[in-house]
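Everything numeric here is computed off the predicted structure, so don't read it as measured data. Ligands are counted one by one from 1 in listed order, and the atoms in each one are counted from 1 as well.
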Amino acid sequence: MNCDKYYPYTAVPLPYALGALDPHISEYTMYFHHEKHYMTYLEKLNAALKDSPLMQNVPLECLTKMDCADIRVNAGGVYNHELYFASLSPNCKGPSNHMKEKIKECFGSQEELENKLVQTGMGLVGSGWVWLAMTREKHLVILTTCNQDTIDLDRLAPLLIIDVWEHAYYLDRQNRREEYLKAVMKCLNWANAESLMKE
Ligand code: MN
């Protein structure tokens, strides 16, 4: 989704009000997450690229694979957070019939997919992300990455991403990660996932 993005990076506004996901995710958490954590990655990415004209012409997706940690980590922080905020919605309508068929084919049922997303998040050691992605063979898969790493964006199309860093839930739920993951299931933006699938 970020394939055309280049330096200088500007913040993508939250596509809903800060408090719109409450009670699943509070306004307080979303404020710190979007206005502080995400903005810090954005500012650090711009700072890391400021004196590197060559890197300024490399698209964001490619910056997430760079050897230079300062660029890679902050590019991943920007990419992942933009996808995360777009993966959530206060008007969750659930998957369309077409998406439902795909989910049934790959996971058995919507319930099994959600259980697997929650369990995968519970199994993640340290800070990281849970992804729902589509392979080139049009198969849906669940993956995890650590820190601010992205999945292989050349081979996989990300559809949804869940932030499993403690800052995503600690203010609301302290150590109750499972409660957060289950709350996220209630506000996943399936319409956005489906439009990414069509791309
Ligand atoms: Mn985060």
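Although no hydrogens or angles enter the test, the distance criterion places a donor-acceptor pair under 3.5 Å between the side chain of N80 and the main chain of D149.
Residues Y38 and Y84 form no side-chain contact, since every pair of their non-hydrogen atoms from C-beta on lies 4.5 Å or further apart. The shortest distance between side-chain heavy atoms of L143 and L156 falls below 4.5 Å.
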Q | Verdict with supporting geometry, E112 and K116, salt bridge (Lys or Arg N to Asp or Glu O under 4.0 Å) | A | CA-CA 6 Å; E112 283 177 73; K116 201 169 174 198; over 6 Å; no

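Y6 and N57 make their closest contact through CE2-O, 3.2 Å (heavy atoms, listed as atom of the first residue, atom of the second, distance).
Protein N/O/S atoms found under 2.8 Å from the Mn ion (ligand 1): H33 NE2, H81 NE2, D163 OD2, H167 NE2.
Every residue two or more places apart in sequence or in another chain that forms a ring pair (Phe, Tyr, Trp, His ring centres under 6.0 Å) with Y41 is listed here: H81.
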